[in-house]
Structure formats: structure tokens, C-alpha cells
Amino acid sequence: MISPELDGRVTLVTGSSKGVGKELLLSLADCGADVAVHYRSSEEEAREVAEEARNRGCTAISVQGDVTDPDSVDELFATIEDELGAVDVLVNNVGPFAPDHWEDISFETWNLVLQGNVNGTYLCSKRALPGMRDNEFGRIVNVGYASSEKGLISPKNAPYFMAKAGVLMFTRMLAADTQDDGITVNAVSPYVVENSDVFPDDLPRGRPAKFEDMAQAVRFFLDEDSDYLSGVNVEVDGGWLPETV
């Protein structure tokens with residue numbers, strides 16, 4: 001696996017108390033990063049992940065925050081800056097979904113999906129940028145969804161597909177807006193990951209993506225030799241070509 005040199009790099013992975021976020025954070029801790037384990041309500045799980053990261057030899061803290069609330073995001077980053085320093089690497093992993101027919105989704109849930117994916121990515125990126133620009137270094141990786149760039153949509157889980165398309169548009173826009181600042185902005189877009197709730201019968205290559213597959217793609221963008229790559233989306237989908245969803 002690619003092993004970027006992240007010693008001393010302050011890294012925030014949103015939603016890293018469990019699931020894909022946890023595994024991405026621990027993978028970056030293995031590269032020497034100082035890590036902030038973010039959670040909204042899973043405090044105990046976040047503390048356990050931070051402890052596991054420290055056992056791997058890095059500096060780690062757990063931080064609470066609602067990525068859809070500007071004041072909460074500001075407090076989240078202020079805590080990291082006070083304890084670790086300015087965020088060098090941001091992985092926008094938070095991405096709630098609602099796998100139901102769009103007419104059966106409540107307005108509250110509809111907004112939760114859109115805000116968690118799009119607003120969370122926007123708010124955290126915006127808050128991280130001043131420190132990155134001051135240091136003339138920054139790496140932002142957003143988590144998308146495979147084939148969202150191609151207009152993938154379905155009556156089931158519709159706000160999630162719409163939101164992830166927005167995340168990828170935001171990724172390209174921010175890459176263009178930071179090209180002179182020493183910052184890269186890219187995306188990693190899985191199809192089905194090993195901890196997914198539902199597994200289709202026709203998985204590409206006969207299996208879901210492993211956590212290591214996701215980590216490999218994120219690490220690729222953080223490697224020093226990837227500093228010319230920005231606005232890129234890597235689909236971690238095993239070659240999936242959706243005809244129906």
C-alpha cells in the first residue's frame with residue numbers, strides 16, 4: 001500500500017468514530033499523522049478510536065461537532081487548532097443516506113441527507129482553508145459515490161445521489177479555486193464497501209470494496225508525488241457499470 005509521509009501533519013476525518021471513517025483515520029495514523037477523531041454523538045467510540053491511534057504511535061484526540069452547523073464546525077476546528085495545530089489534511093467522510101423511495105422520506109430526513117453531505121463538506125472545507133493557505137499546504141479528500149458524476153439517480157435514495165453529485169461538483173470547483181495555494185482537492189467514490197447495509201447479488205469482482213481499497217485511494221492523493229492532481233475523482237467500485245440502480 002502507498003505510504004505517504006504524514007509525520008506532523010494534522011489530520012481530521014469527519015465521522016471517524018466508526019465505519020469507513022474510522023478505518024481511514026487509522027490508516028492515516030499509520031502514516032504518522034496527528035489525528036482528530038470526529039464524532040457527533042458516538043463519544044465513547046471516538047475515544048476508543050483515539051486510544052487505538054495513540055497505541056499506533058501517533059498523537060490523537062477526539063472532538064465533537066455537528067458538521068451541518070457553522071458555529072459547531074468553528075468550535076470543532078478551534079479545538080483541533082488549540083490541541084494539535086492547523087488542519088493540514090481534511091477527509092470529508094460524513095455522508096448520511098436514506099435508502100427509501102423519495103416520497104416516503106420525511107422532509108427532515110431529506111434535509112439531513114443533503115445537509116450532511118453537501119453542507120458538511122462545504123463548511124468543513126471552508127473552515128480548514130485559512131490555515132492551509134497560511135501554511136501553503138493542504139490536502140482535502142471528499143467522499144463521493146460511484147457514478148454520481150454520470151448523473152446516477154433513482155427514486156430510491158434520491159437525495160443521497162443528488163447530494164453526492166453536489167459533493168463532486170464542489171470538489172472540482174474548490175480544486176480550481178485553490179490551484180495557486182499549495183492545496184489539492186480530490187474525491188474518492190465507492191460503490192459498496194464491506195460494512196454496507198445491503199449487498200447486491202452482482203458485486204463487481206465478486207466482493208465489496210475493502211476498507212484497504214478506500215484507504216489506498218485516499219493515501220494516493222496524500223502522497224507527495226500526487227501534488228499535481230487536483231479536482232480528480234477516483235471511483236473505488238471494481239469496475240461497476242450501473243445499468244439500473
[X] side chain to [Y] side chain, donor-acceptor N/O pair below 3.5 angstrom:
X: Arg219; Y: Ser27; result: yes
X: Thr121; Y: Asn142; result: no
X: Thr14; Y: Asn92; result: no

Qualifying salt bridge (Lys or Arg N to Asp or Glu O under 4.0 Å) pairs, either residue in [range], two or more places apart:
range: residues 98-126; value: none
range: residues 23-40; value: Asp30-Arg56
range: residues 73-86; value: Asp74-Arg127, Glu81-Arg127

Run the salt bridge (charged side-chain N to carboxylate O under 4.0 Å, His left out) test against [X] and tell me which residues pass, sequence neighbours left out.
X: Asp213; value: Arg207
X: Lys18; value: none
X: Glu45; value: none
X: Glu48; value: none

Worked check of side chain to side chain contact (heavy atoms under 4.5 Å, CB included) between Tyr228 and Thr184: CA-CA 8 Å; Tyr228 196 72; Thr184 66; over 6 Å; no
Same hydrophobic cluster for [X] and [Y], using side-chain heavy-atom links shorter than 4.5 Å among ILVMFWY?
X: Leu24; Y: Val141; value: yes
X: Phe211; Y: Leu6; value: yes
X: Val49; Y: Val91; value: yes
X: Val63; Y: Val13; value: no
X: Val193; Y: Val113; value: no

Side chain to side chain contact (heavy atoms under 4.5 Å, CB included) assessment of Val89 paired with Leu222: CA-CA 8 Å; Val89 176; Leu222 304 185; 3.9 Å; yes
Those residues that, when tested against Ala217, pass side-chain contact (heavy atoms from CB on, under 4.5 Å) (two or more places apart): Val188, Val234, Val236
Qualifying residues under side-chain contact (heavy atoms from CB on, under 4.5 Å), relative to Thr178, sequence neighbours excluded: Leu129, Arg133, Leu174, Asp181, Ile183, Val185
I'd like to know whether [atom1] of [X] has more than 12 heavy-atom contacts from other residues, nucleotides or ligands below 6.0 angstrom.
X: Phe107; atom1: CZ; answer: no
X: Trp110; atom1: CH2; answer: yes
X: Met173; atom1: CE; answer: yes

Worked verdict on Asp88 versus Arg139 for side chain to side chain contact (heavy atoms under 4.5 Å, CB included): CA-CA 6 Å; Asp88 299 300; Arg139 298 290 181 265; over 6 Å; no
Basic-acidic side-chain contact under 4.0 Å: Glu235, Lys150: yes
Ion pair Glu149/Lys164, N-O distance below 4.0 Å: no
Contacts of Phe170 that satisfy ring pair (Phe, Tyr, Trp, His ring centres under 6.0 Å) - sequence neighbours left out: none
Set of residues satisfying ring pair (Phe, Tyr, Trp, His ring centres under 6.0 Å) with respect to Tyr145, sequence neighbours excluded: Tyr160, Phe161
Asp66 side, atom CG; Leu76 side, atom CG - distance, nearest 0.5 Å: 10.0 Å
Residues that Asp237 engages under side-chain hydrogen bond (donor to acceptor under 3.5 Å, both in side chains), provided they are two or more places apart: none
Candidate list Val37, Asn93, Val94, test side-chain contact (heavy atoms from CB on, under 4.5 Å), partner Ser16, passing option: Val37
Stepwise side chain to side chain contact (heavy atoms under 4.5 Å, CB included) check, Gln216 with Val218: CA-CA 6 Å; Gln216 172 79 332; Val218 173; over 6 Å; no
Cation over ring face, Arg9 and Phe137, 6.0 Å, 45°: yes
